[in-house]
Amino acid sequence: MREISPRNNPCYCINLKRATNSITKFYDKKLEDTGLTVSQFSLLNDIKLLESCSKVELADYAKLDRSTITRNLKILRERGYIIDLSTNESRDSQVSLTDLGLEKLESCNLLWKEAQKYIQEKVGSDNIKQLRKILDVIENL
């Protein structure tokens, strides 16, 4: 079988997508034993910061589409990490962390910090600062 290398693509979108896939895999691997993905970990953090929130508020805060939010919230609810505070499953239901969710978040935090430290060391502090500025510009296109 021949060895094929990914082509050097001039498309900014594709290159960002590749980088995103790589870093997501890195964080997911780091968190693998916790049973959470980095996306789920991030949503638990967002819910903690917002205290309670609707799916719409969470989507706006996390800058994610509602279908991604809904899919991940379903998993987090099934595992007992969040609770739906509304009496019916309306579109504007309010979610909040459970005690189990708070414990899970705290138990994952050290692994997340280790991942953050590794990335910062690998990329370099100055480059991370520049990257954040660039990503802010891109997010606001």
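Side-chain N or O atoms of Q40 include one that pairs as donor or acceptor with a backbone N or O of T37 at under 3.5 Å. Proximity of a side-chain donor or acceptor of T68 to a complementary backbone N or O of L64 within less than 3.5 Å is not detected. Side-chain atoms of S22 come within 3.5 Å of backbone atoms of R18 as a donor-acceptor pair (strictly under, hydrogens ignored). Remark: the backbone N or O of G80 is paired with a side-chain donor or acceptor of T98 at under 3.5 angstrom. Between the side chain of N72 and the main chain of L43, no donor-acceptor pair closer than 3.5 Å is present.
Considering CD1 of I47 and CG of L73, their distance stands at 5.5 Å, rounded to 0.5 Å. Separating the CD1 atom in I69 from the OH atom in Y61 is a distance of 12.0 Å, to the nearest 0.5 Å. In this structure, the separation between CD1 on I14 and CG on N8 is 13.0 Å, given to the nearest 0.5 Å. Once rounded to the nearest 0.5 Å, the distance linking CG of D60 with CG of L50 reads 10.5 Å. Separation of atoms CG (D99) and NZ (K104) is listed at 15.0 Å; rounding is to 0.5 Å. Rounded to the nearest 0.5 Å, atoms OG (S54) and CD (Q94) are 5.5 Å apart.
Taking the side chain as every heavy atom from C-beta outward, L36 and R79 approach each other to under 4.5 Å. Contact annotation: the side chain of V137 never approaches that of I134 to less than 4.5 Å [non-hydrogen atoms, C-beta and beyond]. No side-chain heavy atom of L97 sits under 4.5 Å from any side-chain heavy atom of E51. At least one side-chain heavy atom of S52 sits less than 4.5 Å from a side-chain heavy atom of L85.
Note: the hydrophobic cluster containing L31 also contains L102 (ILVMFWY, side chain heavy atoms under 4.5 Å, direct or indirect links). Hydrophobic clustering (ILVMFWY, side-chain heavy atoms < 4.5 Å, transitive): L49 and V95 are in one cluster. One hydrophobic cluster, built from ILVMFWY side chains closer than 4.5 Å, holds both L100 and L76. Connection of L16 to F26 is not established within any shared hydrophobic cluster, with ILVMFWY side chains joined at heavy-atom distances below 4.5 Å, either directly or through further cluster members. Clustering ILVMFWY residues whenever any of their side-chain heavy atoms sit less than 4.5 angstrom apart, transitively, puts L110 in a cluster other than the one holding Y81.
C53 and L58 get closest at one heavy-atom pair: SG-CB, 3.9 Å. Residue N127 comes nearest to V123 through the heavy atom pair ND2-O, 2.8 Å, listed as atom of the first residue, atom of the second, then distance.
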Do V38 and S42 pass the side-chain contact (heavy atoms from CB on, under 4.5 Å) test, and can you show the C-alpha distance, the side-chain angles, and the key distance before you say yes or no?
CA-CA 6 Å; V38 69; S42 181; 5.5 Å; no
Using residues 113-121 as the side-chain source, report each donor-acceptor pair under 3.5 Å to any protein atom, sequence neighbours left out, with the distance given to one decimal.
unit_1	atom_1	unit_2	atom_2	d
E114	OE1	K30	NZ	3.0
Q116	OE1	Y27	OH	2.3
Q120	NE2	S125	OG	2.9

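Judged as a salt bridge (charged side-chain N to carboxylate O under 4.0 Å, His left out), and not counting sequence neighbours, the contacts of E32 are K29. Checked against salt bridge (charged side-chain N to carboxylate O under 4.0 Å, His left out), K63 has the following partners two or more places apart in sequence or in another chain: E139.
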